[in-house]
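Please read these numbers as outputs of a predicted model, since none were measured by experiment. Quick note on labels: first sequence line is chain A, next is B, and so on, each numbered from 1.
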Amino acid sequence: MAAMTTWRLPNPPQLLVEPMDDHVVCFVQATGATHLFDAFPAEVLAELQAGPSSTEALAAHLADRLSLPTAELTPQLAALLSNLQGLGVLEETVA
Amino acid sequence: MSPLLSVLAAERGLQELNPSEWDVVLREARQSRLLAYLYHRAAEQGCFDALPQAVQEVLTGSRVYTDHMHLAAQNELRNVAPLLAEAGCPVILLKGIAYQAKGFPWSAGRRLSDIDLLVPKAEIASIEAKLLAADWCYDEELSEYDLRYYREWTHELPPMRHPDGFMELDLHHNLIQPTGRITLDAALLFRAAQALPDSPFAVLSPPDMVLHSATHLFMSDELRGGLRDMVDIRDMLLHFGAGEADFWQRLVERARQLDTTRPLYYAVSTARNLLGLQVPDAVWHEIKQMGPSAPVARLMRVLITEHLTPMGTADPSKSGHAQGLSRWLLFVRSHWVRMPPLLLARHLAYKAWIRRGSAPA
Amino acid sequence: MKLGELSQVELRRLAANGGLRYRSGPFNLQLRTELAPFLDTLQYMYPGAPLLDEAQHPCHFHITLNAVGGWRRWLRPQVQFWVDGFTPFDPYPLDQAFPMYEWGLNWCIGTTAHQNLMLHSAVVEKNGQGLILPAMPGSGKSTLCAGLVSRGWRLLSDEFGILRHSDGQLLPLPRAAPLKNASIPLMQVFAPDQRYGPRFDKTRKGLVVHLAPPPASLADQDLPATPRWIIFPRYSDGGVTQLVPQPRALAFTRLINNSFNYLVTLEQGFQSLTRLVHHCDCYQLENGSLEAAIEAVETLAEGGSQ
């Protein structure tokens, strides 16, 4: 079986996540930076707060929530995930 | 005696100070950049929660600021690491950033205001060029004289700063100024350096770390804030001395090899006199031989003690002439060690002129 | 004992010997000065400030304010500000000692008191509920703050929104509020019963007159307030006055930029600021006139509809 990449949020206190209306604010301990995310990334973070997930599963969930075709959404999601990883908001795990 | 010195020398525990003594200690520790240091010592001694509320608040405020600066330094170092790695040469972290990288317990709470790096002299120009190309820049206020002075006569480049960061980066190619009577072969430092795990950087070996701090303090014109550096040295000596059986012997041998016996003498004798450091008898006997003649040693002890003792409760608007004079003498002495006499005379004349021409004191 | 209860002779003697210690909000201050006119102003502005006993209270800040020596003093007398031996500023003209002391103390607090989160805001309180008025350029927060205080709101601070991390409470720091230029005659007409200090012409911020903290605010300086509203004032001369709800995320980012030390306080700052924003209703106040602005705020505070 092929290795599957999943994404997860670092545990507090490495990452503090605080929903704020339809936005999310995050504090990343490693850099001391605070980030504000609007609805699309906020949805991703809310989903990952429930537990680790793969890019595919996240795409399916978002397509459902935002009523968008999965194929259109996946490249944007991949770019977002890699951005969030660069900020220290997400971690990649290979299961 | 200064109450700060008495607690630093561990003659008294922090919980033994009464509120009016604390009032003096807070002042002295702020002057000496040691407030956050005291925060961590109080936490170690388990007495923080029993301290007067104002003391807890002042120490905490400084601890918070210091934590922030430590994080800022890590961020800056992470940002500059790929660029330095490109140079393909060893890069040694110096002073505060090195203590932090090694995680020395006594360095928690140590104030950090810049990042000091040591690189081979042959590489410093190309590293400087890479930094300038990546938007690092020099202080605009530096005059032509300053820039030329750094390049021609010192062991470092002027401090550089990145517009997005708020820490200065100091690139050194040696630990002491090459024009002084003491010369130091930097290649020996690189050979003894210790690589850091999971990092492109290295740190000096323990004896070299001590000798660097000792030369930095006793051969520099940074007369202000010397007590903090003296505490560094004392804590390093305690830490390394307790950890490695042959540390003291290696330190003494290394001082001879690097031709830094005189700074080692001043560092160890001052740590004994002011900060209660215990040195094994045989070692102290050997280090004592590294000092100047007895009358000079006595004079220097007075000057150093006066210089390192915080001003405490004295009225700063009427600060005594004596302390200023003593500082001036030390300043002259440190330059006398570093510069040939003719150059020294020119530099002093220039500095004196700058003083006269500057804003009202 | 209070600062106002000292005789002039006693006050000068204490201050000259470095023994004048008093409490200002959460801070213990020690002041050394030989400047008699400055001491008169200090006593006039803070008669209710409690004096501290040296044997009991270590001080957060030790400040010296004295004339600068040398031949220049005869030509152009100047005053210097020392905190623990440092001189963070160039000297001021001697007759501006009081503004220098106030600004110098602000600098000390803003750059070192990182045990709390500090917003650059005015804070007032009514019925135990705190109102934060962040200082944005051109906001007119000082005027609005002074106006509310003259209508019976308790002054916590004209300059510092101090949030205690442990419980999110706002700590009072009732100090003299520096009114500048056009707001001086405005306030003196609007609130003639308040106590105003001497005129300081040609300071670095123009003409300045200080509004003393009301005695009741000073008396309650140990009493924190629970944050309830954040109102970002924006002054537009003669415009329509209205309160516009602000999205929390927007208020959050505006407060970060408005803070003295959010970046320094790291995760504690994040936790305190998110808690603050969650517990408060956030508004922008389009402020057309002082009277209308006060009315809008009072209606909000009384639970009226917006």
- chain B shares the most heavy-atom pairs under 4.5 Å, among C:Leu65, C:Val264, C:Thr111, with C:Val264
- Task: Walk me through it: do B:Asp235 and B:Tyr37 pass the test side chain to side chain contact (heavy atoms under 4.5 Å, CB included)?
- Result: CA-CA 12 Å; B:Asp235 288 349; B:Tyr37 180 88; 2.6 Å; yes
- Measuring heavy-atom distances to chain C, does B:Leu71 have an atom under 4.5 Å in its side chain, in its backbone, in both, or in neither? side chain
- Residue part contacting chain C, namely of B:Ala72, when any heavy atom lies under 4.5 Å: neither
- Query: Would you say the side chains of C:Gln169 and C:Thr226 form a donor-acceptor pair under 3.5 Å?
  - Reply: yes
- Donor-acceptor contact below 3.5 Å, side chain C:Tyr46 vs main chain C:Ala176: yes
- Task: Quick one: list whatever passes side chain to side chain donor-acceptor pair (under 3.5 Å) with B:Ser20, sequence neighbours left out.
- Result: B:Asn18
- Query: What part of C:Thr265 lies closer than 4.5 angstrom to a heavy atom of chain B: side chain, backbone, both or neither?
  - Reply: both
- Task: Would you mind checking which part of C:Glu54 comes under 4.5 Å of any heavy atom in chain B, side chain (CB onward), backbone (N, CA, C, O), both or neither?
- Result: both
- Return the orientation label for the C:Phe89 and C:Tyr92 ring planes: parallel under 30°, perpendicular over 60°, tilted otherwise. perpendicular
- Item | Side chain, backbone, both or neither of C:Arg23 within contact of chain B (heavy atoms, under 4.5 Å) | neither
- Who wins among B:Val58, B:Val64, B:Val55, B:Thr60 for the most heavy-atom pairs under 4.5 Å with chain C? B:Val64
- Item | C:Asn261 side chain to C:Asn116 backbone, donor-acceptor under 3.5 Å | yes
- Query: Which atoms of C:His62 come close to chain B, meaning under 4.5 Å heavy atom to heavy atom: side chain ones, backbone ones, both, or neither?
  - Reply: side chain
